[in-house]
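Notes for the one structure printed next.
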Amino acid sequence: MRTYTKIRQLLARQPLGETVRVAGWVRTRRDTGGFSFIEVNDGSCLGNLQVIADKRLGNYEAGIKRLTAGCSVEVEGTVQESPARGQAVELVAAEIKVVGWADPETYPLQKKRHSFEFLREIAHLRPRTNALGAVARVRSRLAYAVHAFFQERGFIQVHTPIITTSDCEGAGEMFQISTGQPSGGPGTDFFGRRAGLTVSGQLQAEVYALALGDVYTFGPTFRAENSNTSRHLAEFWMIEPEMAFCDLAGNRRIAEELLKYLLDDILAACAEDMELFDRFIAKGLVERLRSVAGQDFAHITYTEAVEELQHSGRTFDFPVRWGIDLQSEHERYLTDEVYRRPLVVTDYPAAIKPFYMRINDDGRTVAAMDILVPGIGEIVGGSQREERYEVLERRMQEAGIDLDDYRWYLDLRRYGTVPHAGFGLGFERLVQFVSGMANIREVIPFPRTPGFAPC
RNA sequence: UCCUCGGUAGCUCAGUCGGUAGAGCGGGUGGCUGUUAACCACCUUGUCGGCGGUUCGAAUCCGUCCCGGGGAGCCA
């Protein structure tokens with residue numbers, strides 16, 4: 001096996017005079033009288049490596065001069081200081097091997113900007129563009145940082161099931177799964193009961209939290225909603241910490257620490273990619289994220305939010321009164337106009353929240369929290385869980401839930417119950433927030449939306 | 001799912017009153033230059049989203065379906 005130098009390392013170290021071998025894809029080629037400039041990108045970083053290909057190279061006419069965008073090459077050469085502006089170093093090629101051709105008549109990526117809508121149609125080629133490559137690197141680093149944050153704090157990662165037979169109220173419609181050979185009614189063919197793809201790992205995460213203390217999940221989640229928006233997917237990834245001996249305040253603190261940790265990390269670790277987003281995707285992004293990481297999140301209760309909206313002097317399409325769920329226009333007013341930073345809203349009316357959220361002492365609100373961020377809206381949803389057996393059982397009955405299906409969940413309160421809390425952080429919404437990408441379909445490699453799952 | 005705006009060349013778009021389709025970019029060929037959104041010349045490009053209807057005639061008008069953007073709901 002050959003070893004190659006990653007262009008990221010090469011551009012960072014600038015090993016002048018050294019002979020190195022790189023491998024990647026041609027972005028563009030420019031010819032001069034005696035030689036050609038070839039821009040090679042290997043995906044390790046945003047920047048391309050400028051390769052100098054002299055016409056005396058053996059395959060200059062037959063190979064090098066036919067190189068176009070998308071061709072794959074291996075280049076061996078000497079690193080030298082670049083005499084021209086635009087790059088510090090360049091690679092003077094001693095040998096250029098064409099590994100794979102890319103017919104320029106049909107290769108869809110051109111050396112110009114493409115719309116994200118078009119790129120979405122070629123999901124198999126779009127990571128070769130600057131923006132989508134940057135998204136992939138940032139996404140990967142964020143995932144790494146999520147694990148780092150929790151592992152540093154002693155959280156245990158739990159792999160909650162993807163196939164599940166329990167719903168999580170308030171989390172949307174489940175995809176039903178089947179082998180296609182029903183034997184005892186719809187959806188009962190394999191597991192003997194209706195099964196589906198998980199809409200949340202929360203209920204199972206609670207099981208492990210009440211054994212291991214602090215746990216988190218980080219996995220795919222599925223919602224069979226007919227949602228057609230820039231912030232919804234049918235398949236997405238979610239991070240769900242669950243902490244035993246923890247109340248809503250502790251929950252809120254962890255969520256805020258997590259988000260700030262992730263922002264600090266990504267700004268340092270992916271500076272070049274973040275600069276691209278700042279310049280071409282969302283002007284002022286880096287400064288905005290720095291400011292978010294550097295100050296406390298705002299916090300108001302639902303009741304305070306309602307009062308603030310009612311006294312705003314605004315007329316909303318949906319009139320505000322205590323008891324309604326906050327609409328997008330309300331959330332956007334609060335985050336984008338009033339607070340201009342992440343806003344935590346807590347203690348929502350019990351009537352609009354799921355059964356597992358803990359009833360507050362006032363009897364009419366629950367210990368819930370949403371974290372809303374400017375431009376995107378809800379990025380985190382969580383709560384302290386109802387740990388009192390009788391209260392939970394009553395809430396489940398009121399919600400019309402079959403208690404027999406959830407005995408195991410009630411048992412957690414029957415045997416050694418403790419106050420506990422957790423939240424769900426939508427990973428793609430996080431990547432959106434960090435990258436400034438307007439549409440969630442651009443921050444997951446292969447988006448699944450109603451009527452769309454090409455590969 | 002609802003409201004709204006769109007779908008024309010590989011891409012981004014223009015297309016008048018219903019009269020038979022254009023530009024820029026890309027691609028090809030040649031030229032020039034330590035180039036880098038390269039430059040200059042010439043050449044190349046169509047199921048006008050699908051189906052049906054109105055009409056002598058439809059990219060254009062009507063119906064319907066599909067897909068996309070923006071907004072809403074559902075939520076992360």
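Below, chain A is the first sequence line, B the second, and so on; all start at residue 1. The structure displayed is predicted, hence computed values, not measured ones.
A salt bridge links A/Glu428 with A/Arg139: the closest approach of a Lys/Arg side-chain nitrogen to an acidic carboxylate oxygen falls below 4.0 angstrom. For A/Glu173 and A/Arg223, the salt-bridge test fails: no basic side-chain N is under 4.0 Å from an acidic carboxylate O. Between A/Arg279 and A/Glu275 there is no salt bridge, since no side-chain N of the basic residue sits under 4.0 Å from a carboxylate O of the acidic one.
Checked against ring-ring contact (aromatic ring centres under 6.0 Å, His included), A/His420 has no partners two or more places apart in sequence or in another chain. Not counting sequence neighbours, the partners of A/His147 by the ring-ring contact (aromatic ring centres under 6.0 Å, His included) test are A/Tyr216, A/Phe218. Annotation: side chain to side chain donor-acceptor pair (under 3.5 Å) contacts of A/Arg231 (sequence neighbours excluded): none.
A cation-pi arrangement, defined by a distance under 6.0 Å to the six-membered ring centre and an angle within 45 degrees of its axis, is present between A/Lys353 and A/Tyr348. Cation-pi geometry between A/Arg56 and A/Tyr60 is not satisfied (NZ or CZ under 6.0 Å from the ring centre, within 45° of the ring normal).
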Would you mind writing out the side-chain donor-acceptor pairs for residues 318-327 of chain A within the sub-3.5 Å range, not counting sequence neighbours?
| residue | atom | partner | partner atom | Å |
| --- | --- | --- | --- | --- |
| A/Trp322 | NE1 | A/Thr303 | OG1 | 2.9 |
| A/Gln327 | NE2 | A/Asp325 | O | 3.2 |

Enumerate, atom names and distances included, each donor-acceptor pair closer than 3.5 Å involving a side-chain atom of residues 93-108 of chain A, sequence neighbours excluded.
| residue | atom | partner | partner atom | Å |
| --- | --- | --- | --- | --- |
| A/Asp103 | OD1 | A/Glu105 | N | 2.9 |
| A/Thr106 | OG1 | A/Asp103 | O | 3.4 |
| A/Tyr107 | OH | A/Arg128 | NH1 | 3.4 |

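Between the base of B/G34 and the side chain of A/Glu90 there is a donor-acceptor pair shorter than 3.5 Å. For B/A76, the base has a donor-acceptor partner in the side chain of A/Arg223 [N/O atoms by modelled type, under 3.5 angstrom]. Judged by distance alone with a 3.5 Å cut-off, no donor-acceptor contact links the side chain of A/Ser227 to the base of B/C75. Residue-to-nucleotide contacts include a donor-acceptor pair under 3.5 Å from the side chain of A/Gln87 to the base of B/U35.
Residues from residues 316-338 of chain A that place a heavy atom under 4.0 Å from any atom of RNA chain B, listed by number: A/Gln327, A/Ser328, A/Arg332. Listed by residue number, the members of residues 50-64 of chain A with any heavy atom below 4.0 angstrom from RNA chain B are A/Gln50, A/Ile52. Within a heavy-atom distance below 4.0 Å of RNA chain B, no residue of residues 447-455 of chain A is found. RNA chain B is contacted by A/Gln110, A/Lys111, A/Lys112, A/His114, A/Ser115, A/Glu117, A/Phe118, A/Arg120 of residues 109-120 of chain A, taking any non-hydrogen atom closer than 4.0 Å. Near-neighbour residues of RNA chain B inside residues 25-32 of chain A, defined by a heavy atom below 4.0 Å, number-ordered: A/Arg30, A/Asp31, A/Thr32.
The distance between the ring centers of A/Phe316 and A/Tyr333 falls below 6.0 angstrom.
By the 5.5 angstrom centroid cut-off and the 30-degree plane limit, A/Phe35 is classified as not stacked against the base of B/G34.
Here the separation of B/C3 from B/U47, taken at their P atoms, is 32 Å to the nearest Å. Here, B/G6 and B/A21 have their P atoms 24 Å apart, quoted to the whole Å.
For the 3.5 Å distance criterion, the side chains of A/Glu242 and A/Gln202 fail to qualify, holding no donor opposite an acceptor.
Consecutive pairing runs in RNA chain B reach the stem threshold at B:1-7 with B:66-72, B:10-13 with B:22-25, B:26-31 with B:39-44, B:49-53 with B:61-65, where a stem means at least three Watson-Crick or G-U wobble pairs with distances under 3.5 Å.
Going from atom CZ of A/Arg126 over to atom C1' of B/C11 covers 17 Å, rounded to whole Å.
The two residues A/Thr160 and A/Thr217 come nearest to each other via the heavy atoms CG2-CG2, 3.6 Å. Here the closest heavy-atom approach between residue A/Arg137 and residue A/Gly43 is recorded as NH1-O, 2.9 Å.
Residue pairs satisfying the salt bridge (charged side-chain N to carboxylate O under 4.0 Å, His left out) criterion with at least one member in residues 328-349 of chain A, sequence neighbours excluded, are listed as follows: A/Arg314-A/Glu337.
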